[in-house]
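Accompanying notes for the structure given below.
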Amino acid sequence: MEPDQPEDQREDAAGSKLEEIIATRRAKVAELRAAGVEPYPVRFAPTATLADIRARYPDLEPQTDTGARCTVAGRLVQVRRLGKLTFLVLREDGVDLQLFCPRAALDEASRQLLELLDVGDWLGAAGEVVATKTGELSVKPATLTLLSKGLRPLPDKWHGLSDTEARFRQRELDLVVNADARRVFELRARVLGALRAEMEERGFVEVETPMLHPIPGGAAARPFVTHHNALDADLYLRIAPELYLKRLIAGGLPRVYEINRSFRNEGMSTRHNPEFTMLESYEAYADYHDVMDLTEALFARAAQAALGTTELTYQGRAVSLAAPFRRVPLLELVREATGRADLHYRMELAELRGVCEAHEVHWEAPWGAGKLVLELYEALVEHTLWEPTFVLDYPVEVSPLARRHRSEAEVTERFELILVGREHANAFSELIDPDDQRGRFEAQARAKAAGDEEAMVVDEAYLRAMELGLPPTGGLGVGVDRLVMLLADVANIRDVILFPTLRPQRD
RNA sequence: GGGCCGCUAGCUCAACUGGCAGAGCAUCGGACUUUUAAUCCGCUGGUUGCGGGUUCGAGUCCCGCGCGGCCUACCA
């Protein structure tokens, strides 16, 4: 490199295109202020949304002047300058509308503003609704009002933003330019609304229980730990709202539900985000058969709200959410999958381990029959269940909060709803016998002491509530993110969460 | 945690076996009163994710690291 001009070279390198663009736009901000225009005004009063205008004038003849005046607003997403005539395109809430701007129609201040406009700015326009020569519905403004000057460029108008990392980290950009991103989150909102509507109609009351828990409970999972300074106490982000909700049942609230976040400090995947949304509900006097009926209704209601039908396609394959769903005991599925009709929870451990080995299913020494059968089910069966299936009667050993089956000693009255090969809901006839519950907790505590990091600990506050008396109760948990994935037909949970958890960027 | 793949201009992408880092769009300047990704003319824009190494020469090959994606493992 020549020793002559190193300074210049360095300055050129520092002045990248992006910095140049931002500097140019800042200069426009200064120019506007110098001209007495505030580039970041405090308020604007549109008389119609872009969607209103489109709805009101569905098919004007080309070259119509309606005489109707309106004031609209949106983000400027396209600019086409043809000398004394300019076409602008505003976008508001996913709806685009053209502004037809012959220079002569604008007042003087608006003409000046027009020169300083960039794609990405927020803009208001007041004028007449017209259709252009080609029949494009437009507003022909007499005045333009800058609502906010954008300093950064929008992604490519044609190719949009496709870099997945950028889409997750800068979701606002994704939402501006990718219609499909909006579609998913609009669908998600309709699903949430449908779930709440169904619960409300059934007399469930929505409650909010703590997300900061003194001890983690309600699920087998590793928690996030945090610390409260004033209390000088460690707290855990909740892994499930279950125990608090059942305390409300004990307190005499007969039907409660909560839709909110839980947090699990575990692996991430296309189906697992560290924070995720669950619907949990508890209903006094109900058993898990009642809860299956409720679950069917919720899924059908959500599908109707999202898609207008219970017949859908997921990743190219048909699924029907029309009730009733298939109901089949877990043990039966494992017997089919292994070809061992004699398989049972009372089998010798050695023999069950042999079945595992025959199917290349990993097992560990501390596991009892229930855990071994569950492992077989998860390895061999779960991913094969495409149509909605209630898998019934999970082993007691792996279900510390579920009541024992009314007629079979080794299993609980618990089901999971499996769809498209993955779990979508988990529910049971709740365990309401406080002494049985204490024994289950103690078994969990022993497992934890033996190294099982996901095992539960004894929750005395919950046991006290149970000792007060918990009526027969049916409980349900639904993975809302997965339900939205199913209905939106997306394969990655990060596509249904606005701001998915990502590794923080170092700088 | 493991395997594979990716990271090049603001965005979307090229660059053969190692041989001058390019295009389109956007930006900037100019023309244009009916466009629809407007068109036309001209210009500008680079630490090729980061750090080493090999080589006369590295976007390209090697090593390490970072971030992401997919698969897998884990995961009620």
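Quick caveat, the model's predicted, so the values are computed rather than measured.
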field: Distance, P atom - from B/rU55 to B/rU17, rounded to whole angstrom
entry: 23 Å
task: Please state whether the phosphate of B/rG68, meaning OP1 or OP2, lies under 4.0 angstrom from any side-chain nitrogen or oxygen of A/R503.
output: yes
query: Can you find a donor-acceptor pair, distance only, under 3.5 Å between A/T132 side chain and B/rU35 base?
result: yes
query: For the pair made of CG in A/L417 and P in B/rA76, what is the distance, rounded to whole Å?
result: 17 Å
message: Distance check, C1' atoms only: B/rU8 and B/rG59, in whole angstrom units.
response: 7 Å
- request: Report which part of the nucleic acid A/R81 touches: base, sugar-phosphate, or nothing (heavy-atom distance under 4.0 Å, all strands).
  value: base
Residues which pass salt bridge (charged side-chain N to carboxylate O under 4.0 Å, His left out) with A/R171, listed by chain and number, not counting sequence neighbours: A/D174
query: Distance check: side-chain N/O of A/R80 vs OP1/OP2 of B/rA38, anything under 4.0 Å?
result: yes
query: Just wondering, are more than 12 heavy atoms of other shown residues or ligands nearer than 6.0 Å to CZ in A/R222?
result: no
- request: Give A/P274 one of three labels, base, sugar-phosphate or nothing, depending on what nucleic acid heavy atoms sit under 4.0 Å from its own.
  value: nothing
- request: For RNA chain B, find the residues of residues 97-124 of chain A with a heavy-atom distance under 4.0 Å and give them by number; none if there aren't any.
  value: A/Q98, A/F100, A/D118
message: Should the side chain of A/K17 and the base of B/rU44 be counted as holding a donor-acceptor pair, with the cut-off at 3.5 Å?
response: yes
message: Classify A/E266 by what it touches in the nucleic acid, base, sugar-phosphate, or nothing, heavy-atom distance under 4.0 Å.
response: sugar-phosphate
task: Quick one: label A/L502 by what it contacts on the DNA or RNA (base, sugar-phosphate, nothing), any heavy atom closer than 4.0 Å.
output: sugar-phosphate
field: Spacing between A/H159 atom NE2 and B/rU12 atom C1', to the nearest angstrom
entry: 5 Å
query: For atom P, what is the distance between B/rG52 and B/rU44, given to the nearest Å?
result: 31 Å
Listed once per pair and sorted, the salt bridge (Lys or Arg N to Asp or Glu O under 4.0 Å) pairs that draw on residues 89-104 of chain A, sequence neighbours left out: A/R91-A/D96, A/D93-A/R182, A/R103-A/E115
- request: Scan A/M278 against the nucleic acid and name what it touches under 4.0 Å (heavy atoms): base, sugar-phosphate only, or nothing.
  value: nothing
message: Please enumerate all residues that pass ring-ring contact (aromatic ring centres under 6.0 Å, His included) together with A/H213, with sequence neighbours excluded.
response: A/Y244
query: Quick one: A/Q78 CD to B/rU39 C1', roughly how many Å, whole number?
result: 15 Å
message: Considering every strand and a 4.0 Å limit on heavy-atom distances, what is the contact class for A/L82: base, sugar-phosphate, or nothing?
response: base
field: Watson-Crick or G-U stems of RNA chain B, 3 or more pairs, under 3.5 Å, by first number
entry: B:1-7 with B:66-72, B:10-13 with B:22-25, B:28-31 with B:39-42, B:49-53 with B:61-65
message: Roughly how many Å apart are B/rC7 and B/rA31, using the P atom of each and rounding to a whole number?
response: 41 Å
field: Nearest-angstrom distance from the residue atom CZ of A/R25 to C1' of B/rC28
entry: 12 Å
message: Nearest to the side chain of A/L161, heavy atoms from C-beta on, is which of B/rA76, B/rU12, B/rA38?
response: B/rU12
query: When you compare B/rC74 with B/rG2, how far apart are their C1' atoms, in angstrom units rounded to a whole number?
result: 12 Å
message: If you assign each of A/A220 and A/T501 to its closest nucleotide in RNA chain B, which residue comes earlier from the 5' end?
response: A/T501
statement: Closest to the 5' end of RNA chain B, once A/E454 and A/R271 are matched to their nearest nucleotides, is A/R271
- request: Using a 4.0 Å heavy-atom cut-off across all strands, classify A/K157 as base, sugar-phosphate, or nothing.
  value: sugar-phosphate
field: Residues which pass side chain to side chain contact (heavy atoms under 4.5 Å, CB included) with A/E172, listed by chain and number, not counting sequence neighbours
entry: A/Q170, A/F499
- request: Whole angstrom is fine here: how far is it from CD in A/E136 over to P in B/rA38?
  value: 12 Å
Among A/L76, A/V79, A/L144, side-chain contact (heavy atoms from CB on, under 4.5 Å) partner for A/L99: A/L144
message: Which residues pass the salt bridge (charged side-chain N to carboxylate O under 4.0 Å, His left out) test with A/R353, not counting sequence neighbours?
response: none
message: Can you measure A/E165 atom CD to B/rC70 atom C1' for me and round it to whole angstrom units?
response: 15 Å
Just list the side-chain donor-acceptor pairs under 3.5 Å for residues 375-383 of chain A, sequence neighbours left out, or say none.
from	atom 1	to	atom 2	distance (Å)
A/E375	OE2	A/K371	NZ	3.2

field: Considering all heavy atoms, the nearest A/Y345-A/A369 contact
entry: O-CB, 3.2 Å
query: Hey, are A/E332 and A/R335 close enough for a salt bridge, meaning a charged N less than 4.0 Å from a carboxylate O?
result: no
Distance-only donor-acceptor test (3.5 Å): side chain A/D156, base B/rG10: no
- request: Identify whether any heavy atom of A/G477 sits under 4.0 Å from a base atom; if not, whether one sits that close to sugar-phosphate; answer base, sugar-phosphate or nothing.
  value: nothing
message: Among residues at least two apart in sequence or on other chains, which ones pass salt bridge (charged side-chain N to carboxylate O under 4.0 Å, His left out) with A/D59?
response: none
- line: Testing B/rA73, B/rU44, B/rA76 for proximity to the side chain of A/E20, the answer is B/rU44
- line: Against the side chain of A/L18, the closest entry in B/rG10, B/rC70, B/rU12 is B/rG10
message: Please report the distance, rounded to the nearest Å, between CD1 in A/I493 and C1' in B/rG68.
response: 18 Å
Distance below 4.0 Å between A/S162 side-chain N/O and B/rC13 OP1 or OP2: yes
- prompt: Where do A/S138 and A/Q98 land on the side chain to side chain donor-acceptor pair (under 3.5 Å) test, with the steps shown first?
  reply: CA-CA 5 Å; A/S138 308; A/Q98 177 171 276; 3.0 Å; yes
- prompt: Is any side-chain N or O of A/T164 closer than 4.0 Å to OP1 or OP2 of B/rG68?
  reply: no
task: Please work out if A/A219 contacts a base, only the sugar-phosphate, or nothing of the nucleic acid, heavy-atom cut-off 4.0 Å.
output: nothing
- request: Quickly work out the A/W158 CH2 to B/rC13 C1' distance and round it to whole Å.
  value: 16 Å
- line: Sequence neighbours excluded, the answer for ring-ring contact (aromatic ring centres under 6.0 Å, His included) partners of A/F185 is none
- prompt: Hey, is the main chain of A/G475 close enough, under 3.5 Å, to the side chain of A/E283 for a donor-acceptor pair?
  reply: no
- request: Give every residue pair that meets the ring-ring contact (aromatic ring centres under 6.0 Å, His included) criterion with at least one member in residues 84-103 of chain A, sequence neighbours excluded.
  value: A/F87-A/F100
- prompt: At under 4.0 Å between heavy atoms, what does A/R152 touch on the DNA or RNA strands: base, sugar-phosphate, or nothing?
  reply: nothing
query: Where along residues 365-379 of chain A does a heavy atom fall under 4.0 Å from RNA chain B?
result: none
message: Applying a 4.0 Å non-hydrogen cut-off, can you work out what A/T270 is touching in the nucleic acid: base, sugar-phosphate, or nothing?
response: sugar-phosphate
field: Residue A/L85, side-chain atoms from C-beta onward, closest of B/rA76, B/rC28, B/rU33
entry: B/rU33
